[in-house]
Amino acid sequence: MDRRDFLKKAGAAAAVAGTGVTASGLARAGSPIKWKMVTTWPKNFPGLGTGANNLAKLITEMSGGRLKVKVYGAKELVPAFEVFDAVSRSTAEMGHASAYYWKGKVPEAQFFSTMPFGMTANEMNGWIYYGGGQKLWDETYKPFGVIGRPAGNTGVQMGGWFNREINSLADMKGLKMRIPGLGGEVLKRLGGTPVNLPGGELFTALTSGTIDATEWVGPYNDLAFGLYKAAKYYYYPGFHEPGTILEALINRKAFEALPKDLQSIVENACKIVNQDMLAEYSARNPGALDQLVNKHKVQLRAYPDDVLVQLRKVSAEVAAELAGQNKAAKDIYDSYMQFLNASKKYSAISDLAYLKARDAG
Ligand code: CA
């Protein structure tokens, strides 16, 4: 569009809106609104990156091209861990990441990502959509001019990749491991050194010995990074990430400038992608695990029961400490724990009872 064209359309928009050139006015005048979406993932990375692509595509398609979203992989516009800041300062209108990456800036944001021994994907969705979680999330991000929405979930992750067996907690001592969020705090408590690295750097860090061990997501994603070439033992379950939410970050001003129908499209596209990503992981993880074990001869190991018991104890301490950091963290923790405890009671006679019965034979 040349400048004259733009002025004409903007003028029409202003006339319609009566409030100057607003995003809402431009949308009505037929000029597409263009948004950038920065992400923490390598461009087009299976599941996470393609989920971000889906979100952008859905918003663009559902709006009939009135709101066009362009996706940028990690480092294309900003580094992986600057996504939150980029959306906060309006460098990009949207982001796709996970809330535990911002723990240095907003410790309580970790509750909206995942907690060690915390909620599963279904439980997280229940808490966020119907259990008061979203309201707390909105309050948490409000000072930063950002809105967070669930836009993807990995389901239960894997424990990670190790070059030695984990037979007791002592085996975690001295371990330099890439593990984000509160899982990292648990490792620190056990004498290890948690490292936070973007996914794109894991393989090199593990092969070069910069780290001794790493977790990433699950079979589908871990196979894509070739982590089996860098470590021998693959542990489960991912006690530290039982249902990690991938978040869509939206610049609040940009969102509020949209007409109501485009706001609804953005909100609902997030919901679609949130469900779709989980479905994709459910479909692809079993086959990927089969490849890892049978083709690449990965040594699959369960964390010993007594190790899990102790990890659960330390995890509870770490979560309670996070809750003690400030009033907001305490409020979120209370809401989270109340929902989790109610879910536990119900899952004992529903999911847990059913899976035990189904898979026993
Ligand atoms: Ca992970």
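These values consider heavy atoms only, across backbone and side chains, with no hydrogens, waters or symmetry-generated copies. In listed order, ligands and their atoms are each counted from 1. Quick note: residue numbers are just sequence positions, from 1. Bear in mind the structure is a predicted one, so any value in this text is a computation, not a measurement.
- Two residues are said to be in side-chain contact when any heavy atoms from C-beta on lie closer than 4.5 Å; Phe81 and Asn196 meet this criterion.
- For the Ca ion (ligand 1), the tally of protein N/O/S atoms lying closer than 3.0 Å stands at 5.
- Among residues at least two apart or in separate chains, ring-ring contact (aromatic ring centres under 6.0 Å, His included) pairs with a member in residues 200-219 are Phe45-Trp216, Trp216-Phe225.
- With Phe84 as the fixed residue, the ring-ring contact (aromatic ring centres under 6.0 Å, His included) test singles out one of Tyr100, Phe144, Tyr101: Phe144.
- Applying the salt bridge (charged side-chain N to carboxylate O under 4.0 Å, His left out) test to residues at least two apart or on different chains, the pairs with a partner in residues 37-49 are Lys43-Glu76.
- A distance of 8.5 Å separates OH of Tyr234 from CG of Leu223, quoted to the nearest 0.5 Å.
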Could you pull out every donor-acceptor pair under 3.5 Å between side chains of residues 344-351 and any protein atom, sequence neighbours left out?
from	atom 1	to	atom 2	distance (Å)
Ser347	OG	Ser343	O	3.4
Ser347	OG	Lys344	O	3.2
Ser350	OG	Tyr346	O	2.8

